[in-house]
> 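Okay, handing you the structure first.
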Amino acid sequence: MNREFNPSYVGSRPDIEQLIAPDVRCVLDVGCSTGTVGGAIKIRTGARVFGIELSEDMAAKAYTQIDQIFVGDATQILTNGLLDNHRFDTIIFADILEHLVDPWTALKAAVKYLDSNGSIVASIPNVRHIDTLYNLIVNGYWPYRERGIHDRTHLRFFTKKNILDLFEKAGLRIEVMNANYRIIERPHDWNRFAHYFAIPGLREFLTFQYIIRAKLDTKLACK
């Protein structure tokens, strides 16, 4: 049941969904959780939606919302040939890359399953947020938490420059890079005002999360 799952992993993601083209036909949601995002995309577009999910319990719930699920480690599934018969016009990595041992390999492997004009849509927490700096500099403490930027299950951490490098190394060109701003790292009423303070020089310290859409970089492909 939903109460068994971290609520940060099972909710809707309109910020992701708005970057999904209305004419998509075949979508792969890597780290699909309980299928909430994939199910919403399926209802809106009529696309076939596949998922990859490590948790068997989450996958069991996702089966009620999307078409097919590969249960297991995302990197292994993306690299072991299980998807060789599939091509996708959109592949989603919504808050999953930071949970992988080797997100560089996973993202690069996903690219080979992408249609030539397809898109990668991803969301990645920004470890350069002011909350990180405050805790390290003032408190001398790394804030391990149950959710958010400092989720204790995160294995990798990214800033904007790290994200740009990650996508470039995978042969991808970022065409959209949106930001979700927060003053307070956790959900808080003050966060509704965060975008007013997101001016040059400050915005990277108020960015809680980057939302990215990228396509194959044809210049890199020609090298």
Side-chain angles (χ1 to χ4, degrees), residues 4-19 30-31 33 36-37 54-55 58 73-75 92-108 110 120-214:
E4 300 174 355
F5 306 134
N6 187 324
S8 297
Y9 300 154
V10 298
S12 61
R13 290 298 303 272
D15 51 350
I16 292 289
E17 293 170 29
Q18 70 177 356
L19 295 183
V30 182
S33 180
T36 301
V37 174
L54 180 63
S55 165
M58 284 188 170
D73 178 83
T75 304
I92 301 169
F93 288 89
D95 290 314
I96 183 63
L97 288 165
E98 64 274 12
H99 291 270
L100 304 181
V101 173
D102 190 351
W104 301 273
T105 294
L107 186 60
K108 192 170 184 178
I120 299 282
V121 175
S123 58
I124 303 176
N126 171 43
V127 76
R128 201 182 183 195
H129 189 273
I130 191 171
D131 184 83
T132 304
L133 303 180
Y134 177 81
N135 277 282
L136 287 177
I137 296 171
V138 177
N139 294 333
Y141 173 77
W142 183 266
Y144 290 104
R145 293 171 176 150
E146 299 301 319
R147 50 154 298 283
I149 296 170
H150 307 107
D151 187 322
R152 65 180 67 250
T153 65
H154 289 179
L155 301 179
R156 303 294 180 182
F157 298 90
F158 296 90
T159 66
K160 183 177 181 179
K161 286 185 178 180
N162 291 128
I163 293 170
L164 295 173
D165 182 67
L166 170 69
F167 277 74
E168 181 180 350
K169 282 183 166 56
L172 294 162
R173 171 180 50 82
I174 294 176
E175 61 175 15
V176 176
M177 193 170 196
N178 296 331
N180 288 334
Y181 297 114
R182 288 187 182 182
I183 298 171
I184 308 296
E185 192 271 352
R186 68 184 185 279
H188 194 283
D189 286 344
W190 287 5
N191 291 330
R192 73 181 71 177
F193 305 109
H195 66 282
Y196 294 115
F197 298 96
I199 60 176
L202 290 181
R203 61 172 58 115
E204 288 189 35
F205 300 106
L206 294 176
T207 298
F208 171 75
Q209 182 182 59
Y210 288 104
I211 314 298
I212 302 113
R213 185 173 66 205

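Only this structure's heavy atoms are used, side chains among them; waters, hydrogens and symmetry mates stay out. Quick caveat, the model's predicted, so the values are computed rather than measured.
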> For the side chain of T36 and the backbone of G11, is there at least one donor-acceptor N/O pair under 3.5 Å apart?
no

> Among all residues two or more places apart in sequence or in another chain, which pass the side chain to side chain contact (heavy atoms under 4.5 Å, CB included) test with H188?
I184, R186, W190, N191

> Take T105 and L100 through the side-chain contact (heavy atoms from CB on, under 4.5 Å) test and state the conclusion after the steps.
CA-CA 10 Å; T105 294; L100 304 181; over 6 Å; no

> Look at the side chain of R13 and the backbone N and O of I16, then say whether any donor-acceptor pair between them is shorter than 3.5 Å.
no

> Output yes when a side-chain donor or acceptor of T207 lies under 3.5 Å from a complementary backbone atom of R203, and no otherwise.
yes

> For residues 155-163, dump all side-chain donor-acceptor pairs below 3.5 Å to protein atoms at least two apart in sequence or in another chain.
{"residue": "R156", "atom": "NE", "partner": "V101", "partner atom": "O", "Å": "2.8"}
{"residue": "R156", "atom": "NH2", "partner": "V101", "partner atom": "O", "Å": "2.8"}
{"residue": "T159", "atom": "OG1", "partner": "K161", "partner atom": "N", "Å": "3.4"}
{"residue": "T159", "atom": "OG1", "partner": "N162", "partner atom": "N", "Å": "3.4"}
{"residue": "T159", "atom": "OG1", "partner": "N162", "partner atom": "OD1", "Å": "3.0"}
{"residue": "N162", "atom": "OD1", "partner": "T159", "partner atom": "N", "Å": "3.1"}

> Are any non-hydrogen side-chain atoms of Y144 and H150 less than 4.5 angstrom apart?
no

> Could you tell me the separation between the CD atom of E185 and the CD1 atom of I149, rounded to the nearest 0.5 Å?
4.5 Å

> Taking all atoms of both residues into account, what is the closest heavy-atom pair of F197 and F193, and its distance?
CD1-O, 3.3 Å

> Does any N or O in the side chain of N126 come within less than 3.5 Å of the main-chain N or O of E204, such that one atom is a donor and the other an acceptor?
yes

> H154: which residues meet the ring pair (Phe, Tyr, Trp, His ring centres under 6.0 Å) condition with it, sequence neighbours left out?
H99

> Can you sort out the partners of N180 under side chain to side chain contact (heavy atoms under 4.5 Å, CB included), two or more places apart, ordered by chain and number?
D15, Q209, I211

> Could you grab the distance from atom CD1 of I183 to atom CZ of F208, nearest 0.5 Å is fine?
14.0 Å

> Looking at residues at least two apart in the chain, or sitting in another chain, which of them share a side chain to side chain contact (heavy atoms under 4.5 Å, CB included) with N135?
D131, N139, Y141, P143, R145

> Can you confirm whether I130 is buried at CD1, in the sense that more than 12 heavy atoms of other residues, nucleotides or ligands lie under 6.0 Å from that atom?
no

> Can you find a heavy atom in the side chain of K169 that is under 4.5 Å from one in the side chain of K108?
no

> In Å and rounded to the nearest 0.5 Å, what is the NE2 to CZ distance from H129 to R182?
8.0 Å

> How close do A110 and F93 get, heavy atom to heavy atom, and via which atoms?
CB-CZ, 3.7 Å

> Rounded to the nearest 0.5 Å, what separation is found between the CG atom of D95 and the OG atom of S33?
10.5 Å

> List the residues meeting side chain to side chain contact (heavy atoms under 4.5 Å, CB included) with L54, not counting sequence neighbours, and say none if there are none.
none

> Flag the pair V176 / I212 as yes when at least one side-chain heavy-atom distance between them is below 4.5 Å, and no otherwise.
no

> Could you state the interatomic distance from CD1 (I120) to CG (L19), rounded to the nearest 0.5 Å?
13.0 Å

> Applying side-chain contact (heavy atoms from CB on, under 4.5 Å) to L107 and L166, what does each step give before you reach the verdict?
CA-CA 8 Å; L107 186 60; L166 170 69; 3.7 Å; yes

> For the atom pair CZ (R147) and OG1 (T153), what is the distance rounded to the nearest 0.5 Å?
12.0 Å

> Heavy atoms, side chains only, cut-off 4.5 Å: are L133 and F205 in contact?
yes

> Counting C-beta onward and ignoring hydrogens, is there a side-chain heavy-atom pair between W104 and T75 closer than 4.5 Å?
no

> Report yes if some heavy atom in the side chain of L206 is under 4.5 Å from a heavy atom in the side chain of H195; otherwise report no.
no

